Amino acid sequence: MFPTSMATSIRNTKMLLRRAFSIKRNEILARNLCFTRTLNANEDQDKSKKVVEEKKNKAELKEAKQKEAKAKLNMLLESMSKTTQKAYPSESKLSLATPKIRAKPAKPVKQPVFNTKIEPEMLQAVEDVSNMLSKENEALKNSLIAKLEDVADESERARLEPFKPNKQKTEDLNSLLNTLKVDGKKPKNKSPAPKLAPVKIEDMYGAQPSGIFSKAHFIEESSAVSGLATWDMLYEKELELAVTHPPANGFQQMIQWTKQGKVWQFPIDNEQGLDEEAQIGFHEHVFLEPHLKPWCPRRGPVRHFMELVVVGLSKNPYLTVEQKKEHINWFRDFFEAKRSILIDTGAIPDITTKSSPSLST
Amino acid sequence: MMSCPNLNALVWQHLFRNARRLPFVWKSGRSIVPNGNSFSTETKEIVIPNYIPRGPTDILEALASTVKRDPTAPHFKFHDDPYLIPASNHAKRTYALAQEAGRKAANWIKHEHAELFQHRNAEPFIQAFAPAEKLTETTPITEDLLKKYIHTAQVANAIHVYGKLDSAAISPETRQSFLEFVAFYNEDDQLNQDFVEERWFKSGMKGKDQIRQTWKNNGLAEAVFNSMERKTPEAYCALICGMAKHGKAVGAWEYYNQMLAEGFAPNLTTYNSIFKIAGIVREDAEHQIRLIDETLRNMVHAGIKPNVRTLNSILESISRIPIYRVAREKSLQVLSDFKSIGVKPSLGSYYFLLKIFCREKGPINNILVGIVNRLEYEMPPLQDLHDVAFFAEAMRVCNYHLEDVQLAKRLHDLLCLPQNQALIGDSYKESIYYRCFLLLLTRAEGPEALMEMYRHLVPNIYTPEQSVFEAVVKSVAECSAVHYVPELWSDAVYMDMGERESILEVLLEALASGSGPDSNTVSDKDDVDPVLATARAITAHVDNFLQVAEEKNRPTPLRWTGSMLGNLAKLFLQYGDVASANAIIIKVHTLKNQLSSFFPVATLNKFYESCIERQDSAMALMAIDYAVEMGYDESSSMAKQAREQLKLDERQQEKLNSILGSTSTTSEES
């Protein structure tokens with residue numbers, strides 16, 4: 001049995017070596033570091049526990065082989081990482097503050113033969129079981145403990161050699177699990193157990209008010225007018241920008257364009273933006289006769305002509321009232337300039353003495 | 001007779017002024033006719049409803065609210081062209097910003113060549129289309145210009161104009177306005193508000209949770225303040241607010257005390273700023289609370305009614321108290337206090353409540369349930385800048401704190417309402433929101449429900465990050481819902497994640513997690529199972545990618561790994577696709593040590609068995625070779641089996657011996 005297991009252990013080492021060379025270099029370094037550290041730590045632990053260790057666990061065969069393999073591996077890896085060892089001397093002469101190693105409470109060691117790998121509760125349970133089945137009490141107990149130790153060994157090995165390539169067992173388990181058809185849903189809400197007890201709040205307003213506001217008399221305008229007009233304007237602007245996102249549809253795009261002043265506003269108003277014109281009433285555009293009153297003769301060809309002009313202007317939507325007035329005044333000036341001719345031709349009566357309206361006034 | 005035109009004018013004027021009301025009269029008149037009341041004998045009084053003044057965008061907003069988001073279409077901002085629909089986050093960002101860059105280029109030309117855009121044929125003139133007036137040496141510097149720049153938030157220009165203006169000539173009102181302006185923006189020039197995209201993507205950069213001191217010490221704001229001969233209360237207020245806004249708590253506190261010493265009464269905004277910095281000027285929780293209470297009492301004394309921003313500032317300050325119990329009790333008390341004076345919390349208040357109650361290491365708290373109940377009943381209007389942070393935080397709480405998928409869905413329904421969609425904040429908050437939502441679903445939902453929501457969100461509303469996508473694939477794989485994997489694979493390619501090793505690993509793991517061909521699944525036209533087709537597609541995709549990378553001598557992070565090939569081989573064997581499985585083993589054989597993880601031995605065994613079944617000695621030798629190379633325990637038994645059950649010709653025998661040479665010698669030695 002020994003040679004074969006020796007062979008396996010050697011092959012293990014070899015395999016590890018091969019792996020180590022086949023993987024990336026930095027990975028090797030990282031792994032070696034971790035690995036040596038774990039092993040060293042393990043060794044230290046071993047030393048500290050030595051006394052206890054010696055008492056218990058009379059080195060089963062398996063364990064011994066395991067250790068041998070480990071030791072070999074350790075040697076190998078130590079030789080590989082000598083540089084790091086040099087760089088960090090493991091023992092410093094300085095007496096630094098170190099965490100106290102808590103002395104383990106002396107256990108009531110009932111069965112010093114058994115490994116402490118198995119927790120005392122577990123041992124107790126084993127004992128209980130074997131006591132219940134009083135027949136073959138001892139044999140049963142031993143076999144149970146051996147089984148437990150196997151498990152403990154297994155996990156210990158797994159911990160020390162986390163990347164052992166022979167994953168046959170897990171692989172098999174995986175494939176077995178995968179072939180199972182799972183059609184049920186996963187349980188909903190698998191929340192991990194909370195560390196602290198959950199706090200439920202039934203009503204957010206359940207708390208007793210402090211009464212600060214109980215006798216308050218607020219001046220109503222106080223909140224409306226803050227005195228910082230520009231500040232408030234800018235805050236409003238920023239608030240609006242905070243919810244102005246890339247438009248999600250054509251309407252939103254139009255909203256943005258409207259706010260930027262690029263399109264007509266709804267509801268459609270074809271006088272939008274004509275603020276000057278909004279000051280002037282409709283009648284001022286249409287009823288222009290009053291502008292003739294001060295100077296135009298009440299009858300005759302000039303009056304007739306000017307009435308036609310006024311009607312034309314009242315229908316013209318393109319001119320402002322100012323322009324219309326200007327237009328009328330231009331004719332007034334024109335007729336004023338041609339006054340003598342007009343009198344000569346009899347277009348306007350030459351009644352300068354009379355008080356009726358005339359061009360000169 | 002003479003008065004006749006005047007009367008006419010009056011009538012016309014009256015009609016003209018009321019012309020806008022006409023449509024509403026009409027509407028109400030018409031609505032009566034269909035009821036048939038006009039024919040009945042009883043006379044019904046016609047009530048003309050009051051004129052409702054409408055804003056310029058009201059109608060558009062009403063229309064926009066009828067348009068729901070179409071998850072099957074890309075966002076509106078992208079070009080409506082199948083070739084230009086982005087799927088990955090990177091593409092989305094690039095396309096959107098590219099479009100904005102075009103807008104910026106146009107703006108630049110408009111600005112640089114302003115002389116070309118001086119025609120004014122629109123009536124009324126559209127100011128937004130006119131090039132901005134450039135500030136030159138010849139520009140007449142006036143106070144009105146300064147006012148205009150302040151109004152349009154052009155910080156750099158305003159500062160320039162202020163510098164040029166004769167300081168004695170500026171009216172006190174403008175100076176005050178300028179002080180508020182500089183304090184508000186902290187002299188930083190603002191992004192043109194037309195550049196929506198840039199703002200959407202930009203704001204994620206700065207973390208708003210942490211108060212950082214960004215205030216410009218001895219900057220222009222303080223200079224303007226000092227230049228004032230008579231310090232008004234408003235000037236103090238502006239400076240305090242500015243300092244508090246930009247993280248200079250100590251300065252704000254000093255000026256606040258100075259102001260009180262001078263006998264000035266602070267206004268509401270200033271009080272709000274003081275609440276905000278209460279946690280910084282008073283380190284101890286107890287003193288902080290005392291300061292808050294004291295300031296509130298001062299407000300009551302001055303008759304200033306606190307508003308919702310006061311509430312939010314107080315809660316923000318409380319949220320920084322490290323002691324959980326104190327913060328919780330005080331915040332509830334403040335809520336009750338404010339309720340008694342009729343101040344309703346806004347989304348920002350809820351945001352801070354979540355910060356107070358749902359801390360990372362604190363106890364689980366269900367306050368969000370109550371908040372969502374309230375929000376479903378009534379959504380508060382936008383009032384505070386912190387309001388937009390609520391949804392992302394609430395979803396984060398749903399995911400990491402409560403792990404409550406029903407609540408998350410209710411929250412999501414709230415956000416999906418058309419009027420609430422704008423409250424998501426910005427692209428950064430949006431991605432946090434959806435990331436948390438999907439991660440929660442991957443943990444709490446079965447594959448059907450998960451995939452339903454996934455299809456709804458991805459890729460148009462949200463593109464998952466690599467980790468989220470991996471979580472989705474893993475969740476699907478855990479339930480062996482292999483039939484979803486082809487879809488996920490095509491999504492991965494679509495979202496530019498088809499070349500990432502970790503994604504490929506999980507996808508192949510998921511593919512191989514199935515139990516082999518299912519007679520119920522619909523095969524495609526070539527009678528290939530979609531899962532098998534996906535596996536082939538992945539193989540071809542990776543091979544192709546590696547080949548292109550090699551040809552172009554481009555370094556690539558993607559490489560075949562043992563587990564990827566193992567899953568592929570396993571799947572091909574499951575589906576009886578021997579040729580593809582052989583191709584995989586050939587790949588394994590050639591790559592061998594270049595693989596960064598091991599080809600699983602179980603799959604190797606399975607493959608070997610199938611080789612023996614088929615009497616394919618060449619492939620079997622390759623499998624043995626790999627097993628020996630990797631030092632698998634099974635190699636010797638495999639070799640034994642090969643000798644017994646395979647017909648090997650001489651060269652193969654030789655090869656087998658040479659393969660086994662090393663192991664047999666070692667075992668003999670030992």
Side-chain angles (χ1 to χ4, degrees), chain A residues 3 6-7 10 15 18 22 165-166 168 171 175 178-179 181-182 185-186 188-189 191 194 196-201 204-205 207 209-210 212-213 216 218-219 222-223 226-228 230-231 234 241-243 245-249 251-252 254-255 258 260-262 265-266 273-274 281-283 287, chain B residues 5 9 12-13 16 56-57 59-60 63-64 67 76-77 124 128 177 180-181 184 193 196-197 200 234 237-238 267-269 296 300 303-305 307 332-333 335-337 339-341 363-367 370 382 385 388 403 422 444 446 479-480 513 515 593 598 600-602 631 633 667 670:
Chain A
M6 188 66 183
I10 285 174
M15 239 155 48
R18 193 173 285 150
S22 65
N166 188 354
Q168 177 88 48
E171 209 64 70
S175 59
N178 288 340
T179 48
K181 263 236 159 175
V182 186
K185 285 180 188 176
K186 285 189 287 173
K188 285 189 179 182
N189 268 346
S191 57
L196 297 160
V199 179
K200 286 205 172 176
I201 292 192
M204 281 196 297
Y205 298 115
S210 66
I212 277 184
F213 298 132
F218 296 118
I219 307 158
S222 64
S223 56
S226 79
L228 300 177
T230 311
W231 180 280
L234 295 173
L241 285 182
V243 287
H245 301 317
N249 55 51
F251 293 125
Q252 289 190 5
M254 282 184 78
I255 291 172
T258 310
Q260 290 166 359
K262 291 176 182 171
Q265 293 174 357
F266 282 107
L274 301 174
F282 176 74
H283 64 289
F287 302 114
Chain B
W12 272 109
Q13 199 176 4
F16 182 69
T57 57
I59 293 174
L60 287 170
L63 285 170
V67 183
F76 177 75
K77 65 190 170 188
S177 172
E180 289 167 31
F181 177 71
F184 188 88
Q193 59 179 10
V196 190
E197 293 294 345
W200 170 251
E234 284 82 22
C237 290
N267 63 15
L268 179 62
T269 319
L296 271 178
V300 170
I304 296 176
K305 186 176 178 182
N307 64 1
L332 286 180
Q333 192 187 50
L335 268 182
S336 299
D337 279 340
K339 197 198 176 194
S340 71
I341 54 164
I364 306 283
N365 192 296
N366 71 340
I367 191 167
L382 182 77
L385 281 177
V388 293
E403 310 212 10
C479 302
S480 295
S513 71
S515 55
N593 286 340
F598 291 94
V601 73
D633 287 346
S667 54
S670 58

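None of the values given here were measured: they were computed from a predicted structure. Letters go in sequence order (proteins before strands), and every chain restarts at 1.
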**Request:** Ignoring hydrogens and angles, tell me if any N or O in the side chain of B:D337 forms a donor-acceptor pair with the backbone of A:P209 under 3.5 Å.
**Result:** no

**Request:** Can you tell which part of B:V67 gets under 4.5 Å to a heavy atom of chain A, answering side chain, backbone, both or neither?
**Result:** both

**Message:** Under 4.5 Å from any heavy atom of chain A, what part of B:S177 do you find: side chain, backbone, both or neither?
**Reply:** both

**Prompt:** What heavy-atom pair brings A:H245 and B:A422 nearest, and what distance separates the two atoms?
**Reply:** NE2-O, 2.7 Å

**Message:** Do A:L234 and B:E180 have side chains that approach each other closer than 4.5 Å (heavy atoms only, starting at C-beta)?
**Reply:** no

**Prompt:** Taking C-beta and beyond as the side chain, do A:F266 and B:L60 meet within less than 4.5 Å on heavy atoms?
**Reply:** yes

**Prompt:** For the residue pair B:V300 and A:I212, what are the closest heavy atoms and their distance?
**Reply:** CG2-O, 3.9 Å

**Request:** Among B:I59, B:V196, B:V388, single out the residue with the greatest number of heavy-atom pairs under 4.5 Å to chain A.
**Result:** B:V196

**Complete:** Nearest heavy-atom contact between A:A242 and B:L385 is CB-CD2, 4.1 Å

**Prompt:** What part of A:T258 lies closer than 4.5 angstrom to a heavy atom of chain B: side chain, backbone, both or neither?
**Reply:** side chain

**Request:** Using a cut-off of under 4.5 Å on heavy-atom pairs, state which of B:A128, B:S340, B:P56 scores highest against chain A.
**Result:** B:P56

**Asked** Among all residues two or more places apart in sequence or in another chain, which pass the salt bridge (charged side-chain N to carboxylate O under 4.0 Å, His left out) test with B:K339?
**Response** none

**Prompt:** Checking heavy atoms, do the side chain of B:L63, its backbone, both or neither come under 4.5 Å from chain A?
**Reply:** both

**Asked** B:L382 versus chain A, heavy atoms under 4.5 Å apart: side chain, backbone, both or neither?
**Response** both

**Request:** Grab the two heavy atoms, one from B:F76 and one from A:A248, that are nearest each other, plus how far apart they are.
**Result:** CB-O, 3.2 Å

**Asked** Hey, are the side chains of A:F213 and B:L296 touching, using non-hydrogen atoms and a 4.5 Å cut-off?
**Response** yes

